[in-house]
Amino acid sequence: MQNVTAVAHRGDPYRVRENTLPSLRSATRRGADAVEIDVRLTRDGVPVLLHDATLERLWDHDRPLASLTWDQVREVTDGGVPSLADALAVTEGSRVMIDLPGAPGERAVRRIVDVVRQQGARDRVYYCAGAPAMLAVHAVDPDAEIALTHTSHAPVRAGVLEAIRPRWLNYRFSLVDRALADRVHRDGFLLSAWTPDTRRSMRRLLAAGVDSITTNRVDVLCALRERLTS
């Protein structure tokens, strides 16, 4: 069995609030090879960690992130929402998968890529999302490592693959089976799956031959991986 990459989804969200620095630290302590984070821009163009368009679910503020400056975000969350720069600093030594929710345009993507470069993290960061966002990443940084999210059993169109040049294809775990894994590998890509949280689902994916698993329970995945490969 190959050594599957264990990716912590938004950190360690079952124990610590997702997409926060304590959550990222907890995930790396529990054995994560990489952490997955969601990145959006504030009104004044600061990339921060937040999955949703508003602060309501996690921080009980219903204003859209895009309507708030970085200083306002820090004020209403008591400093709980970290900047991308801070997240890259606390995950030094680990891989970071940056998910780009909300269909960001090239301006937003350029700002995110610039921060990655400024932090000296380009060699350990890779990006995931659907085709529009990944086209924007490729346009800004043609050498960026990309995990193209695909939500169908149907093969990704050849034109999309040619335009984006991903290293990974990233599938919801329920879509993955041995046949899909074999096809992805035969086509020259690595296969990533998200987000199984039960041991049964993790075992099935490991048996199917995936290369990476993104989960909310990274400690469970790491323990299962160790038992199966020892």
Side-chain angles (χ1 to χ4, degrees), residues 5 7-11 18-19 24 34-55 57-58 64-68 73 81-85 87-88 91 95-119 121-173 175-176 184 187 189-195 211-214:
T5 300
V7 183
H9 186 239
R10 305 177 191 171
E18 69 181 52
N19 278 322
L24 302 183
V35 292
E36 183 264 3
I37 57 177
D38 302 284
V39 178
R40 294 176 179 265
L41 261 59
T42 61
R43 190 180 78 199
D44 51 346
V46 177
V48 301
L49 274 59
L50 190 70
H51 176 270
D52 302 349
T54 77
L55 298 165
R57 176 172 63 90
L58 291 177
L65 176 70
S67 72
L68 299 170
V73 171
V81 172
S83 69
L84 173 59
L88 293 173
T91 58
R95 295 266 282 159
V96 178
M97 175 188 278
I98 296 179
D99 194 0
L100 300 176
E106 189 169 318
R107 172 186 167 276
V109 168
R110 185 175 297 280
R111 180 65 187 128
I112 291 166
V113 172
D114 283 347
V115 170
V116 171
R117 288 172 170 154
Q118 291 161 9
Q119 294 299 307
R122 189 172 174 274
D123 62 342
R124 62 186 177 93
V125 163
Y126 56 128
Y127 301 87
C128 77
M134 294 300 93
L135 281 167
V137 169
H138 185 72
V140 171
D141 181 1
D143 295 323
E145 184 176 345
I146 288 174
L148 175 62
T149 298
H150 191 56
T151 57
S152 168
H153 267 298
V156 183
R157 288 181 296 169
V160 172
L161 295 174
E162 178 64 24
I164 296 174
R165 298 187 180 278
R167 183 183 184 200
W168 302 79
L169 296 185
N170 189 38
Y171 285 83
R172 183 181 292 278
F173 78 96
L175 293 174
V176 176
V184 168
D187 291 343
F189 303 103
L190 296 173
L191 175 60
S192 174
W194 52 277
T195 39
D211 302 289
S212 175
I213 295 175
T214 302

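Computed from heavy atoms alone, side chains included, the values below leave out hydrogens, waters and symmetry copies. Predicted, not measured: the structure shown is a model, and the values here were computed from it.
- The salt bridge (charged side-chain N to carboxylate O under 4.0 Å, His left out) with Glu145 is formed by just one residue from the set Arg124, Arg95, Arg165; it is Arg95.
- By the 4.5 Å heavy-atom criterion applied to side chains, Leu161 and Leu148 are counted as neighbours.
- A donor-acceptor pair under 3.5 Å links the side-chain atoms of Glu36 to the main chain of Arg10, judged by distance alone.
- Considering only heavy atoms from C-beta on, Phe173 stays 4.5 Å or farther from Ile213 through its side chain.
- For the residue pair Thr54 / Asp52, no side-chain donor-acceptor distance below 3.5 Å is found, with atom types taken as modelled.
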request  = For Leu41 and Ile112, run side-chain contact (heavy atoms from CB on, under 4.5 Å): C-alpha distance rounded to whole Å, both residues' side-chain angles, the deciding distance at 0.1 Å, then the answer.
outcome  = CA-CA 8 Å; Leu41 261 59; Ile112 291 166; 3.7 Å; yes
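- Counting heavy atoms from C-beta outward, Leu84 and Val116 have side chains that approach closer than 4.5 Å.
- For Arg117, the side-chain contact (heavy atoms from CB on, under 4.5 Å) partners two or more places apart in sequence, or in a different chain, are Val113, Asp114, Arg122, Asp141.
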Considering only distance and modelled atom types, tabulate donor-acceptor pairs under 3.5 Å from the side chains of residues 100-110, sequence neighbours left out.
{"residue": "Glu106", "atom": "OE2", "partner": "Arg110", "partner atom": "NH2", "Å": "3.2"}

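- Here His153 contributes atom NE2 and Leu175 contributes atom CG; the two are 5.0 Å apart, rounded to the nearest 0.5 Å.
- Within the model, atoms CG of Asp211 and CG of Leu191 stand 6.0 Å from one another, a figure rounded to the nearest 0.5 Å.
- In terms of modelled atom types and a separation under 3.5 Å, the side chain of Arg43 and the main chain of Leu68 share no donor-acceptor contact.
- Using a 4.5 Å heavy-atom threshold, the side chains of Asn19 and Leu50 count as separate.
- When side chains are defined from C-beta on, Asp99 counts as touching Asp38, because their heavy atoms get closer than 4.5 Å.
- Side-chain contact between Val81 and Leu65: absent, with no pair of heavy atoms (C-beta onward) separated by less than 4.5 Å.
- Nearest approach of Ser152 to Ala154, heavy atoms of both residues: OG-N, 3.0 Å.
- Of the possible polar contacts, none joining the Arg40 side chain to the Val48 backbone as a donor-acceptor pair under 3.5 Å is found.
- The distance from atom CD of Glu18 to atom CG of Leu49, rounded to the nearest 0.5 Å, is 10.0 Å.
- Annotation for Val115 and Ala85: closest pair CG1-N, 4.0 Å, computed over non-hydrogen atoms.
- Taking 4.5 Å as the limit, some side-chain heavy atom of Ile37 sits within range of a side-chain heavy atom of Ile98.
- We find the OH-CD1 distance between Tyr127 and Ile146 to be 9.0 Å, quoted to the nearest 0.5 Å.
- Closest heavy-atom contact between Ser192 and Thr214: OG-OG1, 4.2 Å.
- Summarising the geometry of Met97 relative to Ala147, their closest heavy-atom pair is CE-CB, 4.4 Å, with the distance given to 0.1 Å.
- No side-chain heavy atom of Arg167 sits less than 4.5 Å from a side-chain heavy atom of Phe189.
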